[in-house]
K.L.:
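Pasting in a structure now, in structure tokens, and then I'll have a few things to ask.
Atoms considered below: every heavy atom in the structure, side chains included; atoms not considered: hydrogens, waters and symmetry mates.
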Amino acid sequence: MKLVCDVSDSKRNSLAQQPIFGRLTDFLYRNQQVILRELVKEFPQAGFAKYLESCIEAGLILRKDRRYQLALPVFSGKEQATLLSTEAAQAFLQSGKTKNAAELSLLFEAARRRATRGFDPYYLEADVELLRFAHVEDEALILASASVGDLQVEDLAGYFAANRRVVEPSVFAKMRRLLGDVDEDYFMQQIGWIVSRITRGKVPRQTIFLETLLSTGIVAKTAEGLFTMEIPCLVKGDVTGQSTLSDKTTAKSHFEEMSLYSELCKDCCGGLQQWFVKIK
């Protein structure tokens, strides 16, 4: 089982990162209404009782009448496939194929803002793929990405998202050697300077930050020695006009929207879309 919850929910995210989490939630999914004796037999390791209590306090597991079960809704691959086969979903996905990179990025940015505003947490069956949003920003510029499936080496915003979770996927090994634990604000200041130079037709100086943008395909160098932006640069005002932010959404509506955008990302973007948003 996989937990889907707001990135700001540090307690639930921390519990879900523990090695035992997947095994425990899988066991409770397969075995409904188990008693403590059965859980202790299945998970005899030291500290399990304390971890179980933490999951109950966090609302991940429900204890009722001395029996234990998952406390959140679970969505399956079958439900996702049914959703994606509907006429409305197919029309949405077909319309995505007519859009250029900037238009797609605008859709993803509006969805990112809705998705990260707040939603009720839920579980996914292990084989269900769902869109991931990542971003790194300062007061002037946002670098964001939408991705689905395996992590991709070009996902620069995803690299910083992994750093915040203190995980080190091997796919980012080269980027880690290049950037290390660079401060996000400093990184974005340097990136903002490079983007400003390139969009004004000027050549930025050679730095590890420019090398990073080149290696991730965000910037390209022409045969004449000039540099071009290879991902869209949106303007905050355009995104605000597109985004219809609402109050905290239900687990079902979040799952459905992310399933649609997951398929859009696979169909139209090869599983990864990156973009900038200029705030100032």
Side-chain angles (χ1 to χ4, degrees), residues 96-116 132-147 151-164 171-172 174-243 245 261 264-265 268-280:
K97 296 177 181 179
T98 68
K99 299 184 184 300
N100 60 33
E103 291 169 332
L104 286 169
S105 294
L106 193 58
L107 281 177
F108 282 119
E109 176 61 15
R112 183 184 74 85
R113 294 185 178 212
R114 288 194 300 274
T116 55
R132 299 179 297 268
F133 284 118
H135 77 284
V136 57
E137 66 179 291
D138 64 6
E139 61 182 13
L141 189 67
I142 299 171
L143 170 62
S145 71
S147 62
L151 293 171
Q152 297 191 34
V153 66
E154 298 87 359
D155 189 357
L156 185 52
Y159 168 76
F160 283 98
N163 277 355
R164 292 184 209 115
V171 69
F172 294 137
K174 181 179 178 181
M175 201 178 300
R176 189 174 303 111
R177 289 193 297 270
L178 189 61
L179 292 175
D181 293 324
V182 62
D183 178 76
E184 288 188 12
D185 287 335
Y186 180 69
F187 174 82
M188 288 305 295
Q189 288 172 8
Q190 298 300 309
I191 296 305
W193 181 84
I194 293 170
V195 171
S196 176
R197 296 279 296 181
I198 293 174
T199 54
R200 288 184 288 128
K202 298 185 178 182
V203 177
R205 74 174 185 270
Q206 185 65 44
T207 64
I208 62 169
F209 304 104
L210 178 59
E211 184 179 345
T212 299
L213 295 183
L214 288 166
S215 68
T216 53
I218 293 173
V219 165
K221 187 176 183 180
T222 69
E224 294 77 20
L226 300 176
F227 292 85
T228 59
M229 297 300 304
E230 297 298 300
I231 67 172
C233 291
L234 309 179
V235 178
K236 181 183 178 182
D238 294 337
V239 178
T240 302
Q242 291 286 321
S243 181
L245 296 179
Y261 279 90
L264 183 69
C265 189
C268 301
C269 312
L272 173 65
Q273 180 73 7
Q274 301 189 86
W275 63 94
F276 285 111
V277 181
K278 292 181 180 179
I279 303 173
K280 290 184 178 180

K.L.:
Quick one: does Asn163's side chain get under 4.5 Å of Phe172's, heavy atoms only?
P.N.:
no
K.L.:
Hey, what do you get for CZ (Phe276) to CD (Glu109), rounding to the nearest 0.5 Å?
P.N.:
12.5 Å
K.L.:
Taking C-beta and beyond as the side chain, do Lys278 and Leu234 meet within less than 4.5 Å on heavy atoms?
P.N.:
no
K.L.:
Return the CG to CD distance between Leu213 and Gln190, rounded to the nearest 0.5 Å.
P.N.:
11.0 Å
K.L.:
Minimum heavy-atom separation for Phe108 and Gln273, please, with both atom names.
P.N.:
CD1-CG, 4.0 Å
K.L.:
Provide the closest heavy-atom pair for Val195 versus Cys233 in the form atom of the first, atom of the second, distance.
P.N.:
CG1-SG, 4.4 Å
K.L.:
Which one of Leu141, Leu143, Asp185 satisfies the side chain to side chain contact (heavy atoms under 4.5 Å, CB included) criterion with Val136?
P.N.:
Leu143
K.L.:
Going by heavy atoms in the side chains, are Val182 and Phe209 under 4.5 Å from each other?
P.N.:
yes
K.L.:
Nearest 0.5 Å, what's the CE-CD1 distance between Met229 and Ile194?
P.N.:
9.5 Å
K.L.:
Verify, without hydrogens or angle tests, whether Gln152 (side chain) and Ser147 (backbone) share a donor-acceptor contact under 3.5 angstrom.
P.N.:
no
K.L.:
Let me confirm one number: the CZ-OH distance from Arg114 to Tyr261, rounded to the nearest 0.5 Å.
P.N.:
5.0 Å
K.L.:
Search all heavy atoms of Thr212 against all heavy atoms of Leu178 and return the closest pair with its distance.
P.N.:
OG1-CD2, 3.1 Å
K.L.:
Is there side-chain contact between Ser145 and Leu156, with at least one heavy-atom pair below 4.5 Å?
P.N.:
no
K.L.:
Are side-chain heavy atoms of Arg197 and Trp193 found at a separation under 4.5 Å?
P.N.:
yes
K.L.:
Between the side chain of Ser105 and the main-chain N/O of Ala101, is any donor-acceptor distance below 3.5 Å?
P.N.:
yes
K.L.:
Is the closest side-chain heavy-atom distance between Ile142 and Lys236 below 4.5 Å?
P.N.:
no
K.L.:
So do Lys99 and Leu106 actually touch side chain to side chain, heavy atoms under 4.5 Å?
P.N.:
no
K.L.:
State, with a plain yes or no, whether a side-chain heavy atom of Leu210 is found less than 4.5 Å away from one of Phe227.
P.N.:
yes
K.L.:
Run Leu104 and Leu264 through side-chain contact (heavy atoms from CB on, under 4.5 Å) and show every step you take.
P.N.:
CA-CA 9 Å; Leu104 286 169; Leu264 183 69; 4.2 Å; yes
K.L.:
State the CD-CG distance between Glu211 and Leu179, to the nearest 0.5 angstrom.
P.N.:
9.0 Å
K.L.:
Do you know the tightest heavy-atom contact between Tyr159 and Arg176?
P.N.:
OH-CA, 3.4 Å
K.L.:
After noting the C-alpha distance and the side-chain angles of Thr216 and Met175, does the key distance pass the side-chain contact (heavy atoms from CB on, under 4.5 Å) rule?
P.N.:
CA-CA 9 Å; Thr216 53; Met175 201 178 300; 3.7 Å; yes
K.L.:
Quick check: closest heavy atoms across Phe133 and Ala115, and the distance to 0.1 Å?
P.N.:
CE1-CB, 4.0 Å
K.L.:
Nearest 0.5 Å, what's the CZ-NZ distance between Arg177 and Lys174?
P.N.:
8.0 Å
K.L.:
Looking at Ala146 and Cys265, what are the two nearest heavy atoms and their distance?
P.N.:
O-SG, 3.6 Å
K.L.:
Keeping Gln274 on the side-chain end and Glu154 on the backbone end, is there a donor-acceptor pair under 3.5 Å?
P.N.:
yes
K.L.:
Count the heavy atoms of every other residue, nucleotide or ligand shown that sit under 6.0 Å from CG of Asn100, and state whether that count exceeds 12.
P.N.:
yes
